[in-house]
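Here is the structure we will look at, set down as structure tokens.
Letters A, B, ... mirror the listed sequences (proteins, then strands); counts begin at 1.
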There are 2 protein chains.
Amino acid sequence: MSARESSLDTVQRELTAFARRARAAAARMHPELSLVAYTILAHLEEQQGCRATDLAAYYLLDKSTVSRQVASLEQLGFIERRVDEADHRVQVLHLAPGGIEILTAARARRQESIQVRLAAWDPEDLERFARYLVRYNADAAVHP
Amino acid sequence: MSARESSLDTVQRELTAFARRARAAAARMHPELSLVAYTILAHLEEQQGCRATDLAAYYLLDKSTVSRQVASLEQLGFIERRVDEADHRVQVLHLAPGGIEILTAARARRQESIQVRLAAWDPEDLERFARYLVRYNADAAVHP
DNA sequence: ACGTTGTGTTGTAGAGTGCAACAATATCAG
DNA sequence: CTGATATTGTTGCACTCTACAACACAACGT
């Protein structure tokens, strides 16, 4: 096996292992907010004015799944749905005050956890790791 | 926000995004093998002679969940259960021929996909990325 | 021998998901 | 303008994954 194949193999294996643990880890960190819910709220914070269809496309979810998640998040008072005036089929999603609050709390707990976990990392390693992850996800979006 | 905090934030966000997509991506790549099933088979290949309890601990799953997954995989002919002679409570799990076959096929498809995705990466970047992921997962195992 | 601990199974309930069918709105061809 | 088609989102349905609780069985300690 070449060095390149070996690296690819490692990347695949480690990412798979990570993905497998992520859901349970998220549930432990913030039981009140599932990984999907957390992700949607974080996405809405980044990109104010998101449509449900965009979320479905980005996270590879069925539109019905997103529809239910959104309905649930709205009922909990975490997000608001505003009908787009230009296109009455579209609902534009926004964070509600309650959503901002719980997102902030959940993220703080996640950050605390990751800070402990990566405390021993050099700043350069951390920065490079972050860049690699961004690049990987960008590549994954192009070659799904 | 300091550079370190910014990097931590990016790592967290990108890993979350990745985790969110992993399941659907796996389902697309090998519909006959769920992400959990694939992970268990790969784990068994690496570590011949695994106990169900070890799998549960490693992947943060309930023992009942692992029990059902294992039962399903055995019924499909992908793994074998052998009672440990030294401790009759323990079932040692091994890959069956069918499991080796389907694991090989699924991994090939995953590798093909990841190869396309990371085709433009320099070997050094790839190698560093792989090392970072290994280190991250090791840290995550220590600070769960 | 008996209580405790460890390993795995089964019952139950709930969340997450995809597919198919549907309603409402928008767009485009004629 | 009108009707066909496409887009956006919801609902019904079935299935998987999952955790928790209760249990059975084996092993280990006193």
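With sequence neighbours excluded, no residue satisfies side-chain hydrogen bond (donor to acceptor under 3.5 Å, both in side chains) with H88(A). Partners of Q48(B) according to the side-chain hydrogen bond (donor to acceptor under 3.5 Å, both in side chains) rule, which considers only residues two or more places apart in sequence or in another chain, are H94(B). Under the side-chain hydrogen bond (donor to acceptor under 3.5 Å, both in side chains) criterion, Q115(B) pairs with no residue at all, not counting sequence neighbours. The ring pair (Phe, Tyr, Trp, His ring centres under 6.0 Å) test applied to H30(A) returns Y38(A), not counting sequence neighbours. Under the side-chain hydrogen bond (donor to acceptor under 3.5 Å, both in side chains) criterion, S64(B) pairs with D62(B), not counting sequence neighbours.
The CD atom of E32(A) lies 7.5 Å from the CZ atom of F78(A); values are rounded to the nearest 0.5 Å.
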For nucleotides 11-17 of chain D, give me every protein contact, N/O to N/O, under 3.5 Å, one pair per line with atom names.
{"residue": "dG12(D)", "atom": "O6", "partner": "R68(A)", "partner atom": "NH2", "Å": "2.5"}

Tabulated below should be each protein N or O lying under 3.5 Å from an N or O of nucleotides 27-30 of chain D; please produce it.
{"residue": "dA27(D)", "atom": "OP1", "partner": "H88(B)", "partner atom": "N", "Å": "2.8"}

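Between the CG atom of L35(B) and the P atom of dG18(C) there is a distance of 14 Å, rounded to whole Å. As a whole-Å value, the separation of Q75(A) CD from dT10(D) C1' is 15 Å. Rounded to a whole Å, the OH atom of Y38(A) is 17 Å from the P atom of dG16(C). At whole-Å resolution of the value, OH in Y59(A) and P in dG18(C) are 15 Å apart. Rounded to whole Å, atom P of dA15(C) lies 14 Å from atom CG of L33(A). Between I40(A) atom CD1 and dA15(C) atom P the separation is 16 Å, expressed in whole Å.
Through ILVMFWY side-chain contacts below 4.5 Å, M29(B) is grouped with nothing and stands alone.
For the pairing with C50(A), the side-chain contact (heavy atoms from CB on, under 4.5 Å) check across L95(A), V70(A), I79(A), L55(A) returns one residue only, L55(A).
In terms of position on DNA chain C, the residue among R51(B) and S72(A) whose nearest nucleotide sits closer to the 5' end is R51(B).
The side-chain hydrogen bond (donor to acceptor under 3.5 Å, both in side chains) pairs that include a residue from residues 67-79 of chain B are E74(B)-R81(B), where partners are two or more places apart or lie in different chains. For residues 84-101 of chain A, the set of pairs meeting the salt bridge (Lys or Arg N to Asp or Glu O under 4.0 Å) definition, not counting sequence neighbours, comprises D87(A)-R89(A).
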Atom pairs and distances, donor-acceptor, side-chain atoms in residues 119-127 of chain A, under 3.5 Å, two or more places apart:
{"residue": "W121(A)", "atom": "NE1", "partner": "D139(B)", "partner atom": "OD2", "Å": "2.7"}
{"residue": "D125(A)", "atom": "OD1", "partner": "Y132(B)", "partner atom": "OH", "Å": "2.7"}
{"residue": "E127(A)", "atom": "OE1", "partner": "R131(A)", "partner atom": "NE", "Å": "3.4"}
{"residue": "E127(A)", "atom": "OE1", "partner": "R131(A)", "partner atom": "NH2", "Å": "3.4"}
{"residue": "E127(A)", "atom": "OE2", "partner": "R131(A)", "partner atom": "NE", "Å": "3.2"}

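Residue R81(A) places at least one side-chain N or O under 4.0 Å from the OP1 or OP2 atom of dT10(D).
Overall, the helix from dA1(C)-dT30(D) to dG30(C)-dC1(D) carries an axis bend of 20° between its ends, with five pairs at each end and the value rounded to 10°.
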